[in-house]
Undergrad: 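Here it is: the structure, laid out below.
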Protein chains: 2
Amino acid sequence: MHKVTSLEIAELAGVSQSTVSRALRKSPLVNPETRRRIQRIAREHNYKVDRSASNLRSQHSRTIAMLVHEESGMDSDINPFFVSMLASITRAAAARNYDVLLSFQQLSKNWIADYENSNKAEGIILLGYGGYTDYIRKIELLDNAHVLTWGPVIDGQPGHFVGCDNRRGGYIATRYLLELGHTRIGFLGDISDDCPEFKDRYSGYCDALLQAGLSVDPELQASSHSSMHSGHLAARELFSRGNGFSAIFSSSDLTALGAVHAVQKENLSIPEDVSIVGFDNIPSATHMSPALTTVRQNTVKAGEVMVDTLLRLVRGDYVESQLIQPELIVRDSCGPV
Amino acid sequence: MHKVTSLEIAELAGVSQSTVSRALRKSPLVNPETRRRIQRIAREHNYKVDRSASNLRSQHSRTIAMLVHEESGMDSDINPFFVSMLASITRAAAARNYDVLLSFQQLSKNWIADYENSNKAEGIILLGYGGYTDYIRKIELLDNAHVLTWGPVIDGQPGHFVGCDNRRGGYIATRYLLELGHTRIGFLGDISDDCPEFKDRYSGYCDALLQAGLSVDPELQASSHSSMHSGHLAARELFSRGNGFSAIFSSSDLTALGAVHAVQKENLSIPEDVSIVGFDNIPSATHMSPALTTVRQNTVKAGEVMVDTLLRLVRGDYVESQLIQPELIVRDSCGPV
DNA sequence: CTGAAAGCGCTTACAG
DNA sequence: CTGAAAGCGCTTACAG
């Protein structure tokens with residue numbers, strides 16, 4: 001199959017190659033009628049501008065790279081939330097005429113440098129989970145590169161971040177449970193410095209309790225990372241402590257899914273005996289029974305903000321970390337105490 | 001930040017630009033010592049070959065495109081199985097020095113043509129679900145393009161496919177349940193022509209039953225596509241028919257997850273009252289309780305086979321559809337009748 | 001509004 | 001084993 005070039009389109013249209021190039025780039029310099037004719041001929045011949053040539057000449061790849069990194073290897077639960085983010089970012093990029101290169105790997109300084117130095121991508125979006133402290137150490141080495149991370153937004157941290165207002169998310173979830181009359185509310189999630197996002201959700205949980213005149217009982221918190229298995233274990237630990245609780249705020253939906261199993265194993269009903277609120281609004285949250293009340297992180301918006309922010313970074317504009325506002329989605333997993 | 005070129009590396013190394021190019025491409029023509037020196041200098045200056053220039057000159061993009069398409073829009077369950085495939089394909093491509101462009105969108109003839117005509121990608125991998133009949137109609141329009149699909153392998157179908165030996169998978173799952181003494185085995189999955197993969201799994205199920213001297217009871221089959229919600233409904237339908245069964249073979253793990261919920265809602269225990277076998281071996285299958293016995297589709301192998309097959313297609317080699325052999329993973333969700 | 005021309009940074013056939 | 005040179009297919013400054 002012969003490859004059509006702009007020169008051939010030019011001959012067919014009876015104009016110069018430069019005019020073809022201008023016409024297809026919608027340059028205002030070209031006579032509208034000429035432009036239309038050229039576009040028609042290009043379409044008829046399935047002509048597409050060669051991206052390598054275009055990139056080389058213009059020194060822009062119009063491509064961003066998306067790196068999904070995991071500390072723990074591939075056999076862990078991949079959080080469906082990240083899959084949504086992946087899709088949103090890809091769509092947002094497409095809408096701005098950018099392509100997305102995908103890579104799954106450990107985070108390495110080389111990988112990042114390679115993508116920019118080789119002109120494969122103008123900037124990089126990092127999605128992942130795992131230890132924050134390790135992570136931030138690697139990010140520090142990269143401050144010249146155009147790298148944007150989905151994650152916790154913390155004052156003074158190196159690098160550029162976009163993330164959810166986790167504290168606010170924790171607050172609205174807990175306040176909702178308080179309004180239903182619950183006073184003994186469990187919290188499922190790792191609140192160490194290595195998980196600042198969960199820690200912030202916990203802070204919001206504490207804010208709500210204190211504001212309601214209640215105290216925070218550390219016995220009601222059980223560590224869990226974002227997986228069904230881990231959530232199941234954490235909920236069981238809460239039960240085994242025997243302190244009694246009528247509601248659970250789970251720092252992720254996957255964790256909540258595991259907790260639901262644990263509750264049902266105790267022959268308790270949701271929401272009659274135990275109310276549960278999750279975090280993320282993954283697709284399964286709608287489909288499980290009872291449908292899960294949860295805190296939605298707006299992935300569509302997040303994807304757009306991330307792409308726009310990255311492109312500003314690429315242009316050299318000043319960029320601040322940004323917070324996406326979460327929102328409570330009320331479904332069937334919570335009831336009055 | 002100044003961009004380093006091969007010409008500058010050449011000056012630093014005291015050789016010509018062509019020699020730098022050869023050295024970095026590991027050409028045997030270059031004196032080994034010279035090559036090492038050039039490589040060292042390139043490394044020290046963070047030099048990376050400009051991909052646009054390299055691609056333009058060599059007329060190869062060393063990139064494949066991966067299109068994840070959905071009939072049903074983004075708010076459906078994304079099957080974790082596809083996420084594994086995505087990751088495996090990306091890793092396999094990376095191992096072969098290929099980049100992966102990602103796109104989520106409806107399947108369109110244009111999209112495909114654009115990627116090849118613009119030299120963005122040498123070939124395309126299609127991952128998705130939804131109606132097979134619609135799908136095959138679109139594939140038929142593309143037979144010149146380098147497109148490979150993960151899906152059902154059917155004699156005489158247009159296009160190029162790699163898929164799991166679904167019939168065999170259905171057979172080994174059902175045979176295992178038969179060996180445990182089950183004779184009334186439910187099947188969850190859509191067996192219409194629009195879902196040839198599930199239909200094949202059902203054929204394998206029938207094979208095993210017939211081979212054991214049992215007949216196939218259509219009342220024991222309930223339609224379901226691959227989601228928790230749909231699996232939950234299908235299992236409930238099976239219960240409501242009141243025919244009695246002691247085991248369920250579910251045509252996907254997501255469906256099995258929904259069925260587990262339905263069984264537990266009936267106050268029945270797994271595996272004491274009902275045994276369940278799934279299909280896919282998604283990460284949650286390990287983590288749920290009881291851990292799910294399932295048919296594993298080897299996504300790592302599948303990713304490698306897909307990339308290799310696509311690259312052969314790109315080279316113009318003759319390519320046959322290929323089957324990946326499934327394997328039964330025994331966990332805790334099945335017991336003797 | 002249009003064309004001729006330069007040049008982006010490589011790869012590789014050709015000559016030695 | 002090495003270098004000089006052509007050329008991949010565009011974009012865009014320059015001249016008209």
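Below, read A as the first sequence line, B as the second, and so on, with proteins coming before strands; counting in each chain starts at 1. Since we're looking at a predicted model, the values are computed, not measured.
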Undergrad: Give T5(B) one of three labels, base, sugar-phosphate or nothing, depending on what nucleic acid heavy atoms sit under 4.0 Å from its own.
TA: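 Sugar-phosphate only.
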Undergrad: Angle between ring planes, F161(A) versus Y132(A), binned at 30° and 60°: parallel, tilted or perpendicular?
TA: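 The rings of F161(A) and Y132(A) sit tilted, inter-plane angle from 30° to 60°.
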Undergrad: Could you tell me the separation between the CG atom of L7(A) and the P atom of dG3(C), rounded to a whole number of Å?
TA: 12 Å
Undergrad: Provide the Watson-Crick or G-U wobble partner of dA13(D), both distances under 3.5 Å; none if there is no partner.
TA: none
Undergrad: Measure the distance from NZ on K26(A) to C1' on dC1(C) and round it to the nearest whole Å.
TA: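 Taking atom C1' of dC1(C) as the reference, NZ of K26(A) is at 19 Å.
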Undergrad: For the side chain of R22(A), counting heavy atoms from C-beta on, which of dA5(D), dC14(D), dG9(C) is nearest?
TA: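 Per side-chain heavy atoms of R22(A), the pick is dC14(D).
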Undergrad: Where do A42(A) and I9(A) come nearest, in terms of heavy atoms and distance?
TA: CA-CD1, 4.1 Å
Undergrad: Rounded to whole angstrom units, what separation is found between the CZ atom of R57(A) and the C1' atom of dA5(C)?
TA: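 Atom CZ in R57(A) sits about 11 Å away from atom C1' in dA5(C).
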Undergrad: Both S16(B) and Q59(B) contact DNA chain D. Taking the nearest nucleotide for each, which residue is further toward the 5' end?
TA: S16(B)
Undergrad: Which residues, if any, of residues 93-101 of chain B bring a heavy atom under 4.0 Å of DNA chain D?
TA: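 Those residues: none at all.
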Undergrad: Scan residues 36-55 of chain B against DNA chain D and write down, sorted by residue number, each residue with any heavy atom closer than 4.0 Å; if none is found, say none.
TA: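 Correct list: empty, so none.
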Undergrad: In terms of side-chain heavy atoms of R25(A), which of dG3(C), dT11(D), dG7(D) is nearest?
TA: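 Nearest to the side-chain atoms of R25(A), counting from C-beta on, is dT11(D).
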Undergrad: Quick one: look up who dA4(C) pairs with, Watson-Crick or G-U, both distances under 3.5 Å, and put none if it's unpaired.
TA: none
Undergrad: How many Å lie between CD on Q17(B) and P on dC10(C), as a whole number?
TA: 7 Å
Undergrad: Among the nucleotides dC10(D), dA5(D), dA4(C), which one has an atom lying closest to any side-chain atom of S18(B)?
TA: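 My answer, after comparing the listed nucleotides, is dA5(D).
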Undergrad: Pick from H160(A), E122(A), E116(A), R315(A): which one makes a side-chain hydrogen bond (donor to acceptor under 3.5 Å, both in side chains) with H146(A)?
TA: E116(A)
Undergrad: If you check the L56(A) side chain, which of dC1(D), dG9(C), dC10(C) turns out closest?
TA: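 Minimum distance to the L56(A) side chain belongs to dG9(C).
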Undergrad: What is the distance, rounded to the nearest whole Å, between atom CG of N119(A) and atom P of dC8(C)?
TA: 14 Å
Undergrad: Please pick, from dG3(D), dG9(C), dC10(C), the nucleotide with the shortest atom-to-atom distance to any side-chain atom of T19(B).
TA: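 So the side chain of T19(B) is nearest to dG3(D).
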